[in-house]
Amino acid sequence: FVFPTCHFETVKRVVADNKDISEIKPAIGKLVNVKELFLPNNNIDRLPLEILKLPINCKMNYSNNPIWIEFSWENKNLKIFPEFLKQFSKLRSISLNSNKISNIPTFISTLTLLEELHARNNSINGLPAGITELTKLMLLDVTNNPVERSLTLQAINNNAVGLRILNMMNHSLEYLDVSFGKFDAHDVENIICFPQLKYLNVSYNQVESLRPIGCNVNLRTLDVSNNPTIDVNEEIFQSFQNIPTIHLENLQDPNFHWI
């Protein structure tokens with residue numbers, strides 16, 4: 001793929017469909033006024049960092065290129081999740097290990113085919129609730145990020161995907177707030193058993209019963225208040241006896257009164 005040798009700033013559109021292109025050169029960053037990159041049906045499997053210099057509203061079409069399915073920028077000193085990836089609608093794998101990224105953007109929920117998100121060794125301190133809309137996501141690696149220990153993920157609607165994501169982090173989470181969601185009693189019984197978990201807030205979810213837990217509970221604080229709980233098995237307090245702080249206010253079991 002040969003770039004012009006001058007007047008880069010005049011280029012508004014690049015069209016190179018089915019040209020057997022395998023690499024984009026760093027010179028792409030000189031196209032400071034380009035509005036569209038139309039490069040489908042090639043063999044492009046990586047992009048240079050200089051592509052970040054293009055206008056934020058530049059339209060990109062890399063369909064039927066390897067990069068359209070699997071994107072990798074590892075150890076690139078990135079501080080921000082690449083915004084242009086919102087256009088990569090067919091992505092199945094994103095690998096951004098060993099950067100300095102602090103947030104995963106909300107547009108991640110639009111990448112509906114995403115199966116793997118590799119983001120270990122960053123500075124990520126949270127996950128957007130929309131990540132639970134990624135029904136095909138089977139691997140989330142946030143090892144060595146603050147979020148692997150402390151996560152607030154409120155108001156999620158897909159409890160099945162939400163629980164799958166939490167189970168990917170079950171051996172590292174110490175603080176977890178999933179209030180105002182759709183988790184039921186079975187989900188909560190699973191979460192309570194996370195071995196490192198010390199704080200759990202599942203208030204305002206869909207927990208209809210509280211039953212004895214079949215694991216060692218290491219929690220120090222548990223909030224199950226304001227759930228539509230109509231059945232509280234009093235044997236559950238044997239499971240909870242070592243939890244210093246428990247919130248069970250405003251449940252709906254008429255025979256249970258929490259003081």
Side-chain angles (χ1 to χ4, degrees), residues 81-83 85-94 96 101-119 122 124-142 145-194 196-211 213 219 221-232 247-253:
F81 197 102
E83 184 78 10
L85 287 182
K86 69 170 68 172
Q87 301 184 55
F88 286 45
S89 58
K90 302 298 184 182
L91 273 175
R92 293 205 173 105
S93 175
I94 298 175
L96 297 169
I101 297 169
S102 59
N103 291 292
I104 294 176
T106 56
F107 74 72
I108 197 74
S109 65
T110 67
L111 304 179
T112 55
L113 299 180
L114 194 65
E115 299 173 0
E116 299 181 3
L117 178 54
H118 303 263
N122 277 277
I124 298 168
N125 51 37
L127 298 176
I131 199 170
T132 62
E133 302 302 319
L134 299 178
T135 58
K136 295 184 181 296
L137 187 66
M138 294 297 169
L139 191 155
L140 173 66
D141 186 356
V142 289
N145 284 271
V147 73
E148 76 165 338
R149 296 183 301 276
S150 177
L151 174 63
T152 297
L153 196 62
Q154 297 177 329
I156 64 174
N157 292 317
N158 193 324
N159 64 310
V161 178
L163 187 61
R164 185 194 308 159
I165 288 172
L166 294 179
N167 277 323
M168 297 177 198
M169 306 166 65
N170 66 351
H171 287 289
S172 61
L173 279 171
E174 299 175 5
Y175 176 103
L176 179 61
D177 182 347
V178 287
S179 53
F180 299 95
K182 297 290 179 65
F183 288 112
D184 59 23
H186 178 74
D187 299 329
V188 171
E189 289 168 11
N190 182 321
I191 296 170
I192 285 177
C193 291
F194 288 2
Q196 304 300 323
L197 200 60
K198 300 297 186 293
Y199 176 98
L200 175 61
N201 184 349
V202 288
S203 61
Y204 295 97
N205 272 269
Q206 300 298 319
V207 181
E208 295 188 348
S209 64
L210 291 174
R211 297 167 293 191
I213 307 298
L219 288 170
T221 300
L222 173 64
D223 189 344
V224 197
S225 63
N226 296 289
N227 272 279
T229 306
I230 58 175
D231 179 19
V232 178
H247 297 281
L248 295 171
E249 299 86 355
N250 299 324
L251 304 182
Q252 296 181 17
D253 185 340

request  = With I165 as reference, evaluate I131, L134, L117, N158 under the side chain to side chain contact (heavy atoms under 4.5 Å, CB included) test and give the passing residue.
outcome  = I131
ask   = Which atom names give the shortest non-hydrogen contact between A119 and I124, and what distance separates them?
value = CB-CD1, 3.7 Å
inquiry  = If I take atom CE from residue M138 and atom CE from residue M168, how far apart are they, to the nearest 0.5 angstrom?
reply    = 7.0 Å
task = Give a yes or no on this: more than 12 heavy atoms of other residues, nucleotides or ligands lie within 6.0 Å of atom OH of Y204.
result = no
Residue K90 excluded, over 12 heavy atoms near NZ under 6.0 Å = no
Point-to-point distance, once rounded to the nearest 0.5 Å, from CD1 of I104 to CG of L96 = 8.5 Å
task = Verify, without hydrogens or angle tests, whether T132 (side chain) and I156 (backbone) share a donor-acceptor contact under 3.5 angstrom.
result = no
task = Mind jotting down which residue pairs meet the salt bridge (Lys or Arg N to Asp or Glu O under 4.0 Å) criterion with at least one end in residues 176-193? Sequence neighbours excluded, please.
result = E189-R211
ask   = Atom CG of N205 and atom CD of Q154: how far apart are they, to the nearest 0.5 Å?
value = 10.0 Å
query = Do you know which two heavy atoms are closest between M169 and V147, and how far apart they sit?
reply = CE-O, 3.2 Å
task = Please examine the side chains of N157 and E133, heavy atoms only from C-beta on, and report whether any two atoms are closer than 4.5 Å.
result = yes
query = Just by distance, with hydrogens left out, do N122 and N145 show a side-chain donor and acceptor under 3.5 Å apart?
reply = no
key: F183 and L163, any side-chain heavy atoms less than 4.5 Å apart   = yes
query = How long is the gap from CZ on F180 to OG on S203, to the nearest 0.5 Å?
reply = 5.5 Å
message = Once rounded to the nearest 0.5 Å, what's the spacing between atom CD1 of I191 and atom NE2 of H186?
response = 10.0 Å
message = Which heavy atom of P105 sits nearest to which heavy atom of P128, and what is that distance?
response = O-CG, 3.7 Å
message = Once rounded to the nearest 0.5 Å, what's the spacing between atom CG of N167 and atom CG of L140?
response = 12.0 Å
request  = Apply side chain to side chain contact (heavy atoms under 4.5 Å, CB included) to the pair H118 and S93, showing each step before the final yes or no.
outcome  = CA-CA 8 Å; H118 303 263; S93 175; 4.1 Å; yes
task = With side chain to side chain contact (heavy atoms under 4.5 Å, CB included) as the test, would you mind laying out the steps for L166 and V178 before giving the verdict?
result = CA-CA 10 Å; L166 294 179; V178 287; 4.2 Å; yes
message = So, applying side chain to side chain contact (heavy atoms under 4.5 Å, CB included) with L200, which one of L173, L222, T221 is it?
response = L222
request  = Kindly give the heavy-atom pair with the smallest separation between E148 and V142, and that separation in Å.
outcome  = CB-O, 3.6 Å
inquiry  = Measuring only between side-chain heavy atoms, which start at C-beta, is I94 closer than 4.5 Å to F81?
reply    = yes
request  = For residues Q196 and H171, report the shortest heavy-atom separation together with the two atoms involved.
outcome  = CG-O, 3.3 Å
Distance-only donor-acceptor pairs under 3.5 Å for side chains of residues 106-113, two or more places apart:
from : atom 1 : to   : atom 2 : distance (Å)
S109 : OG     : T106 : O      : 3.1
T110 : OG1    : F107 : O      : 2.7

task = Go through the side-chain N and O atoms of N227 and T229 and say whether any donor and acceptor fall under 3.5 Å apart.
result = no
